[in-house]
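All residue numbers in this chain count up from 1 along the given sequence.
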Amino acid sequence: MVNFKEEKLQILKMIEEGKITSEEGIELLEAINETKANYIESQQSKWIKIRVFEPNNNTKVNVTIPVALLDAGIKLAGKVAPNFVPELKESGFNEKDLKELFEAIKNGASGKLVDIETENGEKVEIVVE
């Protein structure tokens, strides 16, 4: 089972470190609460993992969402992804692309689906495991 308390603490730490704004933190905390309310445990679950790495390969963002909650993920990503992960916006990746990506995942796509590196060395990966 997902440790929602740990996820909430991680969001609070990102706010404290200035990696996200308090408004973005509130949206993420609300999404976690929605996820917790709708959480379906399954041993065959797939997970969407969104990772952003700084140029020195330190993890900047680390989000994991059950594929079973993909519709909530689309809602969350559409609201915060361009602001929460500016590297996606800089690369030309937009909300329409996210919707197409999530539709592909619903249809069974898996593995590393997005692998972007910005000019300054930051990296974004979206993986389905």
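- The heavy-atom pair separating K19 from K60 by the smallest distance is CD-O, 3.9 Å.
- In this structure, CG on L12 lies 9.5 Å from NZ on K8, to the nearest 0.5 angstrom.
- If you chain together hydrophobic residues whose side chains sit under 4.5 Å apart, V127 and V52 never meet in one group.
- Among residues two or more places apart in sequence or in another chain, the side-chain contact (heavy atoms from CB on, under 4.5 Å) test is passed with T64 by W47, K49, R51, N62.
- Using a 4.5 Å cut-off on side-chain heavy atoms (C-beta onward), I126 and I48 make contact.
- Rounded to the nearest 0.5 Å, atoms CD (E122) and CD1 (I116) are 12.0 Å apart.
- Judged as a salt bridge (Lys or Arg N to Asp or Glu O under 4.0 Å), and not counting sequence neighbours, the contacts of K112 are D115, E125.
- In terms of heavy-atom proximity, N120 sits nearest to P55 at O-CG, 3.1 Å.
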Inset, instruction - Could you walk me through whether N57 and K123 pass side chain to side chain contact (heavy atoms under 4.5 Å, CB included), step by step? - result: CA-CA 8 Å; N57 283 330; K123 298 179 216 169; 2.9 Å; yes
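- For A109 against L113, the heavy-atom pair with the smallest separation is CB-CD2, 4.2 Å.
- Rounded to the nearest 0.5 Å, atoms CD1 (I26) and CD1 (I11) are 11.0 Å apart.
- In this structure, Q10 CD and T59 OG1 are separated by 9.0 Å, a value rounded to the nearest 0.5 Å.
- Both I50 and V114 are members of a single hydrophobic cluster when ILVMFWY side chains are connected at heavy-atom separations under 4.5 Å.
- In this structure a side-chain-to-backbone donor-acceptor pair under 3.5 Å is missing from E17 to M14.
- Rounded to the nearest 0.5 Å, atoms CD (E6) and CD1 (I32) are 10.5 Å apart.
- E119 meets the salt bridge (Lys or Arg N to Asp or Glu O under 4.0 Å) test with no other residue; sequence neighbours excluded.
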